[in-house]
There are 2 protein chains.
Amino acid sequence: MTQVRKRRPSSPKQAAKCCGPLDSLLDPVLFKAFSDPTRVSLIGCLAKCGRECSVGEVAECCSVDFSVVSRHLALLARSGVLKATKEGRTVFYSVRYAELSRSFRSLADALDECCPTTSARRKVLCC
Amino acid sequence: MTQVRKRRPSSPKQAAKCCGPLDSLLDPVLFKAFSDPTRVSLIGCLAKCGRECSVGEVAECCSVDFSVVSRHLALLARSGVLKATKEGRTVFYSVRYAELSRSFRSLADALDECCPTTSARRKVLCC
DNA sequence: CCTACATTTGCACCATGACGCAAGTACGCA
DNA sequence: TGCGTACTTGCGTCATGGTGCAAATGTAGG
């Protein structure tokens with residue numbers, strides 16, 4: 001044993017609320033939505049389409065199973081990336097461009113505020 | 001069997017290069033870096049710190065094992081989120097604020113361009 | 001009501017990834 | 001060269017998540 005380790009078995013995966021608005025903007029749920037290549041390709045398909053698409057239409061875009069597409073689209077809707085509109089038995093999905101743009105832009109703003117080159121160099125010690 | 005499915009067993013997880021700049025900006029690697037709560041808390045710790053931090057300093061911020069912090073920070077550096085600077089046997093990590101801000105801002109721009117409310121409604125059929 | 005269609009859900013399988021411990025590496029210093 | 005410090009890496013374990021198939025659900029139309 002050559003090293004001191006900290007082992008607090010309770011509360012793994014806690015979110016440390018640290019740096020002002022940055023923490024709330026870095027939502028793991030939103031980023032997880034974009035972290036899978038299949039999901040990204042589905043978003044790309046919807047973007048290329050330029051209109052609302054049904055699950056079946058999106059499924060024609062990619063090689064995975066129909067049910068997989070359904071699950072991915074539902075997850076993306078839950079994450080706030082897509083908007084789901086049900087018409088009869090068909091569900092139309094579309095990209096929430098404006099909301100996403102706003103999220104990423106405010107995240108960029110928050111990052112700029114933290115940037116040591118633009119703001120004065122802070123001396124706050126970590127924890 | 002009540003449903004037609006497509007099964008192209010070759011090339012799973014292909015990235016469909018669809019909608020102009022959007023696809024290249026939606027890099028799953030970058031988003032995967034932000035998709036883990038522990039990693040996000042480490043980033044928050046570095047942000048709160050406001051300066052370069054060693055692995056040991058960051059490790060004091062959270063409850064996970066030292067080795068876990070080391071791995072997460074290395075991954076974040078590989079993903080382009082952090083900058084690693086080695087001084088002797090100590091590695092200092094800092095957040096690439098400017099680069100990240102630029103990435104997210106250009107992503108927001110690309111999303112705005114795709115937005116049907118700002119640009120003319122397109123009629124392109126998907127696939 | 002019955003049937004066809006669009007989508008969702010249950011289940012099993014497998015790959016990936018996060019984690020902790022221990023051992024290994026790299027570096028500075030005496 | 002030996003020791004201590006700072007970090008990395010190998011390995012086993014466990015949880016999560018992506019996938020495909022089949023069955024179930026929900027919904028319109030005859």
Side-chain angles (χ1 to χ4, degrees), chain A residues 1-15 28-29 31-43 46 52-79 82-93, chain B residues 1-15 28-29 31-43 52-79 82 84-93:
Chain A
M1 182 66 140
T2 62
Q3 197 161 246
V4 178
R5 297 171 194 280
K6 39 209 72 58
R7 250 164 292 144
R8 278 172 251 161
S10 60
S11 75
K13 296 253 178 186
Q14 92 293 17
V29 174
F31 287 99
K32 196 178 283 275
F34 289 101
S35 68
D36 181 69
T38 304
R39 277 196 290 271
V40 171
S41 80
L42 296 182
I43 296 169
L46 279 165
E52 295 186 329
C53 285
S54 68
V55 179
E57 284 175 311
V58 179
E60 289 173 18
C61 276
C62 68
S63 58
V64 295
D65 190 82
F66 189 91
S67 67
V68 173
V69 175
S70 171
R71 261 186 279 253
H72 277 313
L73 293 177
L75 185 148
L76 287 168
R78 279 197 306 275
S79 308
L82 303 182
K83 182 168 75 79
T85 313
K86 194 161 189 177
E87 285 183 21
R89 51 194 172 180
T90 309
V91 181
F92 289 102
Y93 284 100
Chain B
M1 183 66 140
T2 62
Q3 197 160 244
V4 178
R5 297 169 194 282
K6 39 209 73 56
R7 250 162 292 146
R8 279 173 250 158
S10 61
S11 74
K13 296 248 177 193
Q14 92 293 17
V29 174
F31 288 98
K32 198 179 283 275
F34 288 101
S35 68
D36 182 69
T38 304
R39 277 195 290 272
V40 170
S41 80
L42 295 182
I43 297 168
E52 294 186 330
C53 285
S54 68
V55 179
E57 285 174 310
V58 179
E60 289 173 17
C61 277
C62 68
S63 57
V64 295
D65 192 81
F66 189 92
S67 67
V68 173
V69 174
S70 172
R71 260 186 279 251
H72 277 313
L73 293 177
L75 185 148
L76 288 168
R78 280 199 305 275
S79 308
L82 303 182
T85 314
K86 194 162 189 178
E87 284 183 23
R89 49 191 173 178
T90 308
V91 182
F92 289 101
Y93 284 100

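Below, chains carry the letters A, B, ... as their sequence lines are ordered, and counting in each starts from 1. Just so you know, these numbers use all the heavy atoms, side chains as well, and skip hydrogens, waters and symmetry mates.
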Query raised in the report: Separation of B/Phe92 atom CZ from D/dA6 atom P, in whole Å?
Result: 10 Å
**Report entry** Minimum heavy-atom distance between A/Val40 and B/Pro28, given as atom pair plus value
**Finding:** CG2-CG, 4.0 Å
Query raised in the report: How many angstroms lie between CG in B/Leu82 and CZ in B/Arg39, if you round to the nearest 0.5 Å?
Result: 10.5 Å
Query raised in the report: If every non-hydrogen atom of B/Phe66 is compared with every non-hydrogen atom of B/Gly56, which pair is closest and at what distance?
Result: CE1-CA, 3.6 Å
Query raised in the report: Which letters describe nucleotides 25-30 of chain D, given B = protein heavy atom under 4.0 Å from base, S = only from sugar-phosphate, - = neither?
Result: -BBS--
Query raised in the report: Roughly, in whole Å, what's the span from NE2 in B/His72 to P in C/dG20?
Result: 9 Å
Report task. Under the side-chain contact (heavy atoms from CB on, under 4.5 Å) rule, collect the residues that match up with A/Arg78, sequence neighbours excluded. Result -> A/Ala74, A/Leu75
Query raised in the report: So, do A/Leu46 and A/Leu73 sit near enough that their side-chain heavy atoms are less than 4.5 Å apart?
Result: yes
Report summary line: Rounded to the nearest 0.5 angstrom, the CG-CG distance for A/Leu76 and A/Leu42 is 7.0 Å
Output one line per pair: protein atom, nucleotide atom from nucleotides 9-12 of chain C, and distance, for all N/O pairs under 3.5 Å.
{"unit_1": "C/dG10", "atom_1": "O6", "unit_2": "A/Arg71", "atom_2": "NH1", "d": "3.4"}
{"unit_1": "C/dG10", "atom_1": "O6", "unit_2": "A/Arg71", "atom_2": "NH2", "d": "2.9"}

**Report entry** Spacing between B/Arg78 atom CZ and D/dT8 atom C1', to the nearest angstrom
**Finding:** 12 Å
Requested in this report: Check every strand shown and say whether B/Tyr93 touches a base, only sugar-phosphate, or nothing at a heavy-atom separation below 4.0 Å.
Outcome: sugar-phosphate
Requested in this report: Nearest whole angstrom, please: distance from the C1' of D/dG17 to the CG of A/Asp65.
Outcome: 16 Å
**Report entry** Stem regions touching DNA chain D, defined by at least 3 consecutive Watson-Crick or wobble G-U pairs below 3.5 angstrom
**Finding:** C:1-30 with D:1-30
Requested in this report: Starting from P on C/dT8, measure out to CG on A/Leu76 and report it in whole angstrom.
Outcome: 12 Å
**Report entry** Euclidean distance, atom CG of residue A/Leu75 to atom C1' of C/dT8 [Å, nearest integer]
**Finding:** 14 Å
Requested in this report: Would you mind telling me which of D/dG17, D/dG20, C/dC21 lies closest to the side-chain atoms of A/Val64?
Outcome: D/dG20
Requested in this report: Could you tell me the separation between the OG1 atom of A/Thr38 and the CZ atom of A/Arg71, rounded to the nearest 0.5 Å?
Outcome: 12.5 Å
**Report entry** Whole angstrom value for the distance that separates P of D/dG17 from CG of B/Asp36
**Finding:** 10 Å
Report summary line: Out of C/dC19, C/dA18, D/dT8, minimum distance to the side chain of B/Thr38 belongs to C/dC19
Report task. Take the protein atom CG of B/Leu73 and the nucleotide atom C1' of C/dC19, then report the distance between them rounded to whole Å. Result -> 15 Å
Requested in this report: Not counting sequence neighbours, which residues clear side chain to side chain donor-acceptor pair (under 3.5 Å) with B/Ser54? List them please.
Outcome: B/Glu57
